[in-house]
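The sequence lines fix the lettering, A, B, ..., with proteins before strands; numbering per chain opens at 1.
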Number of protein chains: 2
Amino acid sequence: MTDKALPDQIADKLRRDILKGVLAPGQQIKERDHATDLDVSRTPMREAIRILAKEGLVLLRPSRSPIVADPSFEEISDVIEVLTALELRSGALACQNATDEDITRIQAMQDHMDSCQGKIDRIDFFELDMEFHMAIAAASKNAVLAETHSAFVRRLWRARYLSASRKDSSDRVKRQHHDIMQAFCDRDPELMCAKISVHLDALIENVRDKYAKESESK
Amino acid sequence: MTDKALPDQIADKLRRDILKGVLAPGQQIKERDHATDLDVSRTPMREAIRILAKEGLVLLRPSRSPIVADPSFEEISDVIEVLTALELRSGALACQNATDEDITRIQAMQDHMDSCQGKIDRIDFFELDMEFHMAIAAASKNAVLAETHSAFVRRLWRARYLSASRKDSSDRVKRQHHDIMQAFCDRDPELMCAKISVHLDALIENVRDKYAKESESK
DNA sequence: TAATTGCATTTGGTATACCAAATTTCTGTT
DNA sequence: AACAGAAATTTGGTATACCAAATGCAATTA
């Protein structure tokens, strides 16, 4: 763990805090305070903040304190739209370019997720979910596509986390994953794209519900 | 001009140098040297380098000097593939969401490009070409999509610049743009996507030719 | 001669100091 | 009491100092 670059370590810590809500949306992130908190200097802290800004978790404001991003539904929905475009292309390419080993390995990841369901920390479960989607993108054998896709998956992490509160949703997600995996095993690009669309459309609806409930509770 | 943030100004300068080839692919960018060259300190120079790394123009290597990116054909082709995914989605959405003013404005941009052809600096012409594609993406009314799309257009700038040496290609590009614009005016998503595909497939072939010629000249 | 070891130098990473812009606090006036 | 303006403080931006890892080079050895 100590071998990772310091700014990355700091970014990891801050990211976790943001995703868990320890750092609330809209809250200021003052370089000095957070740097001294973590016993580092401002330099790597600044870099860490830029990393999170690139991921869309933090908003940089010239000559002002950066703040934790507080995206509107429209923004989240826009991000999901981009993710959809990327993931559809990834899926189709993966059907074409994945090795058999890729498929069995990703199948194993899914099995592992199933066996972990409800037994582990929700944050850790979401890590697995992310890794599953990223593994499919990686199987497209287009490194740029996989990397870009990862960036957007990560950017949506908090929104997905928050919108997954409905207890039935995890079962539905599980079924959607199985559908995607089925098409992937058959290397059927059209079907796979269709199932990915279902999955991500459902995500938009989940997020929409979440935002609707939030606004009515005010 | 002086109102822009210092790291951005530095990044602009470096970017131009990279795209024009003043800084050759593979060449090291030493923080101290380039900082003193531009009469700034290492801090904003470091930030500028990170900006260019985000754009894919520079490669960061932990504890080593960053180097100017020297992408293989496969990498460029991967980037174009991602751009295609983004631009297809943009085009379809633009057909749906663009205002009539958007369309007439973009039409005017194209007319302007036509009238400028051959009369202006190739670099300036490419700026117009970029702006044309970015304007279509912006007309999708998905800000995230437009921004991401822009990043990839910019990332391909040098490859397109280098591969546009063939003198007939500009006429072909002009025709392809007209086809895209025709579909856009008719708000026909399928046709527009088809024409965008043609355009970007042609780009891949242009780049492939360029790389083939380059390798045989060695 | 080729390889290797050890030292000197270069260079990125981090910490700190300084500055200017922005924010907050305080104070005096109406 | 409310507002305006100025002083004090906070805070991001930049410059510089220091360190450790990486690199280059030369002397030494097989």
Find every protein N or O atom lying less than 3.5 Å from an N or O atom of nucleotides 22-24 of chain D, and list the pairs.
| from | atom 1 | to | atom 2 | distance (Å) |
| --- | --- | --- | --- | --- |
| dT23(D) | OP1 | Arg64(B) | NE | 2.6 |

(message) Can you give me the closest heavy-atom contact between Ile49(A) and Val58(A), atom names plus distance?
(response) CG2-CG1, 4.0 Å

Anything under 3.5 Å between a donor and an acceptor, one on a side chain of residues 143-152 of chain B, the other on a protein residue two or more places apart or in another chain? List them.
| from | atom 1 | to | atom 2 | distance (Å) |
| --- | --- | --- | --- | --- |
| Thr148(B) | OG1 | Val144(B) | O | 2.7 |
| His149(B) | NE2 | Glu87(B) | OE1 | 2.8 |
| Ser150(B) | OG | Ala146(B) | O | 2.9 |

(request) State which residues pass ring-ring contact (aromatic ring centres under 6.0 Å, His included) with His34(B); sequence neighbours excluded, sorted by chain then number. (result) none

(request) Specify the separation, in whole Å, of atom CE of Met45(A) and atom P of dG13(C). (result) 17 Å

(request) Kindly write out the residues that satisfy side-chain hydrogen bond (donor to acceptor under 3.5 Å, both in side chains) with Asp70(A), not counting sequence neighbours, or none if the list is empty. (result) none

(request) Kindly write out the residues that satisfy side chain to side chain contact (heavy atoms under 4.5 Å, CB included) with Ser72(B), not counting sequence neighbours, or none if the list is empty. (result) Glu74(B), Glu75(B)

(message) Between C1' on dG12(D) and CG on Leu59(A), what's the gap in Å once rounded to a whole number?
(response) 15 Å

(request) May I have the distance from Leu60(B) (atom CG) to dG13(C) (atom C1'), rounded to whole angstrom? (result) 13 Å

(message) Using the salt bridge (charged side-chain N to carboxylate O under 4.0 Å, His left out) criterion, which residues pair with Glu81(A)? Sequence neighbours excluded.
(response) Arg89(B)

(request) Could you check His112(A), Met113(A), Glu127(A) and say which one makes a side chain to side chain contact (heavy atoms under 4.5 Å, CB included) with Phe132(A)? (result) Met113(A)

(message) Rounded to whole Å, how long is the line connecting atom CD1 of Ile67(B) with atom P of dG12(C)?
(response) 12 Å

(request) State, to the nearest 10°, the angle formed by the axis through the first five base pairs of the helix from dT1(C)-dA30(D) to dT30(C)-dA1(D) and the axis through its last five. (result) 10°

(request) Rounded to the nearest angstrom, tell me the gap between atom NE2 in His34(B) and atom C1' in dG12(C). (result) 14 Å

Contacts under 3.5 Å, N or O only, protein and nucleotides 14-17 of chain D:
| from | atom 1 | to | atom 2 | distance (Å) |
| --- | --- | --- | --- | --- |
| dA15(D) | OP2 | Ser41(B) | N | 2.7 |
| dA15(D) | OP2 | Ser41(B) | OG | 2.8 |
| dA15(D) | N7 | Thr43(B) | OG1 | 2.8 |

(message) Using the side chain to side chain contact (heavy atoms under 4.5 Å, CB included) criterion, which residues pair with Asn97(B)? Sequence neighbours excluded.
(response) Leu93(B), Lys141(B)

(request) Find the distance Glu31(B):CD to dA21(D):C1' and express it as a whole number of Å. (result) 14 Å

(request) Name the nucleic acid region contacted by Ile29(A), choosing base, sugar-phosphate or nothing; use a 4.0 angstrom heavy-atom cut-off, strictly under. (result) sugar-phosphate

(message) Checking Glu55(A) now: which residues fulfil side chain to side chain contact (heavy atoms under 4.5 Å, CB included) with it, not counting sequence neighbours?
(response) Arg15(A), Ile51(A), Leu52(A), Leu57(A), Arg154(A)

(request) Check ring-ring contact (aromatic ring centres under 6.0 Å, His included) between Phe125(B) and all other residues, then give those that pass, not counting sequence neighbours. (result) none

(request) Check side chain to side chain contact (heavy atoms under 4.5 Å, CB included) between Lys13(B) and all other residues, then give those that pass, not counting sequence neighbours. (result) Asp17(B), Leu38(B)

